[in-house]
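Please read all numbers here as calculations on a predicted model, not as lab measurements.
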Amino acid sequence: MNQGILAELRRSLTRQRRLEERAAIRIRDHMRVDQPLDALVSNRIARLEPYEVELLLASLFTPDNHDRKPFEAVLPLAGLAESTLAGMTETLSQENPQCTVEFAGDSCLLDVPGMIIERYVRLLHLNLPITERVAHRVRQTFPEADQLHALCCVRQPVWQGENRESLLLEILDLLHNSTDDKIRRLDFLGEFVGSYRPLDLVQLTWQLIHLVESYQSTDLGPVFNPELENLQVNPVRSRYCGPQVKEARLSMAHSLLRELKVIMKID
């Protein structure tokens, strides 16, 4: 089993990655280059301080649930011991893995630094457990095609601990009766609970209500100041802000509130 996890780590670390515009600007400014890919050659990266390496490469190597999903096919419910993960991290670092980074139609081969490998493995949360009753509820709630994604969602730090597990089980009961968008709802609720920290389903309901009310009382949505953006040399709107994000979050909140039997006026 551990060999399967190691193979998946190797595949995940070496897959092709696309450099986003915001990260490209950061690299150009910090490394004083015209083309951001020119800064990612091994001899330049090797001369940087650890904090600089993390600053420049973190966005390329921050796993999301799509990255975590394949591990659930080879990962035990109890997760992996810290010592096992440390050994795998050391093995991968000694292999000097490389990945292709693409930007604006061009690409380069990046030597993945050891500290980035350690960070990536840590953020996968492969050491965190899923209890059998949560796993059982996931299997009852989601179709087989969605179960790996659901398992990686419920393995995240936000759901660890007895109190959080109780809330998670309530949420899974709620989703069990839903007809569609179950995975999107679970993804959204993981982010929402991580931000607002409700203790139970009642608090969660009120926080969703307040989210809807706050969006309806302002045109900005997420915390964002367009005047500050205009003062930036190379302004790039965060993907966490903007009308599309507001619309998606409002739609999800209304959908969940309907499941919770809460009716709100939509302006």
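L199 and L189 fall into different hydrophobic clusters, where Ile, Leu, Val, Met, Phe, Trp and Tyr side chains are chained together by heavy-atom contacts under 4.5 Å. Under the 4.5 Å side-chain contact rule for hydrophobic residues, L57 and L123 do not share a cluster. In the hydrophobic clustering of this structure, L56 does not group with L109; members are Ile, Leu, Val, Met, Phe, Trp, Tyr whose side-chain heavy atoms approach within less than 4.5 Å, directly or through other members. Follow the hydrophobic side-chain contacts under 4.5 Å out from L260 and you reach L204 in the same cluster. W206 and L208 fall within the same hydrophobic cluster, where Ile, Leu, Val, Met, Phe, Trp and Tyr residues are linked whenever their side-chain heavy atoms come under 4.5 Å apart, directly or through other members.
Checked by atom type and distance alone, the side chain of N177 never pairs as donor or acceptor with a backbone atom of L174 at under 3.5 Å. Proximity of a side-chain donor or acceptor of R32 to a complementary backbone N or O of D29 within less than 3.5 Å is not detected. No donor-acceptor pair under 3.5 Å is formed between the side chain of Q147 and the backbone N or O of A135. In this structure a side-chain-to-backbone donor-acceptor pair under 3.5 Å is present from T91 to G87. Distance alone, capped at 3.5 Å, places no donor-acceptor pair between the K69 side chain and the C152 backbone.
Contact check for L148 versus P70: no side-chain heavy atoms found under the 4.5 Å cut-off. Looking only at side-chain heavy atoms (C-beta outward), R28 and D34 stay at 4.5 Å or farther from each other. In this structure, the side chains of E21 and I25 come closer than 4.5 Å at one or more pairs of heavy atoms. Within the 4.5 Å cutoff, side-chain heavy atoms of L92 are placed close to those of L6. The side-chain heavy atoms of Q94 and E90, taken from C-beta on, include a pair separated by under 4.5 Å. S93 places none of its side-chain heavy atoms less than 4.5 Å from the side chain of M115. In this structure, the side chains of V112 and Q98 stay at 4.5 Å or more apart for every pair of heavy atoms. You'll find the side chain of R122 stays beyond 4.5 Å of the side chain of L85, heavy atoms only.
Ion pairing between a basic and an acidic side chain is recognised when a charged N comes within 4.0 Å of a carboxylate O; R184 and D187 show no such pairing. Under the 4.0 Å criterion applied to side-chain N and carboxylate O atoms, R139 and E144 are not assigned as salt-bridge partners. Salt bridge absent: R26 and E20 never bring a charged side-chain N and a carboxylate O closer than 4.0 Å. The pair E72-R68 fails the salt-bridge criterion, with no side-chain N (NZ, NE, NH1 or NH2) lying under 4.0 Å from an Asp/Glu carboxylate O. No salt bridge links D38 with R44; every basic N to acidic carboxylate O contact stays at or beyond 4.0 Å.
Paired with Y215 under the rule side chain to side chain donor-acceptor pair (under 3.5 Å), one option of E247, K246, R249 passes, and it is R249.
Of all heavy-atom pairs between R185 and S255, the closest is NH2-OG, 2.5 Å. Nearest heavy-atom pair across V158 and G190 is CG2-O, 3.9 Å. Taking both residues in full, the closest heavy atoms of E8 and F71 are given as CG-CE2, 3.5 Å, listed atom of the first, atom of the second, then distance. In terms of heavy atoms, I5 sits closest to P76 at CD1-CD, 4.3 Å. Taking each heavy atom of I183 and A150 in turn, the nearest pair found is CD1-N, 3.7 Å. Here the closest non-hydrogen pair linking V53 and I116 is CG1-CG1, 3.8 Å.
The structure places CG of L172 at 11.0 Å from CZ of R133, a figure rounded to the nearest 0.5 Å. One distance of note links CG of L186 with CD of Q156; it measures 10.0 Å at 0.5 Å rounding. Here the SG atom belonging to C99 is positioned 3.5 Å from the CZ atom belonging to F61, to the nearest 0.5 angstrom. D173 contributes atom CG, which lies 11.0 Å from atom OG of S178 (distance to the nearest 0.5 angstrom).
More than 12 heavy atoms of other shown residues, nucleotides or ligands fall within 6.0 angstrom of atom CZ in R15. Other residues, nucleotides and ligands contribute over 12 non-hydrogen atoms within 6.0 Å of the CD atom of E52.
Figure legend: R17 and Y120 shown as a cation-pi pair, the cationic atom lying under 6.0 angstrom from the six-membered ring centre and within 45 degrees of its axis.
Classified by interplanar angle (parallel below 30°, tilted 30° to 60°, perpendicular above 60°), the ring pair F192/F188 is parallel.
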Determine whether Q140 and H176 satisfy the following criterion, side-chain hydrogen bond (donor to acceptor under 3.5 Å, both in side chains), listing intermediate values before the conclusion.
CA-CA 7 Å; Q140 288 181 319; H176 182 76; 5.8 Å; no
Chi angles and distances behind the side chain to side chain contact (heavy atoms under 4.5 Å, CB included) call for M31, L48
CA-CA 10 Å; M31 300 293 285; L48 298 177; 3.7 Å; yes
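Residue pairs meeting the ring pair (Phe, Tyr, Trp, His ring centres under 6.0 Å) criterion with at least one partner in residues 124-164, sequence neighbours excluded, are H66-H149.
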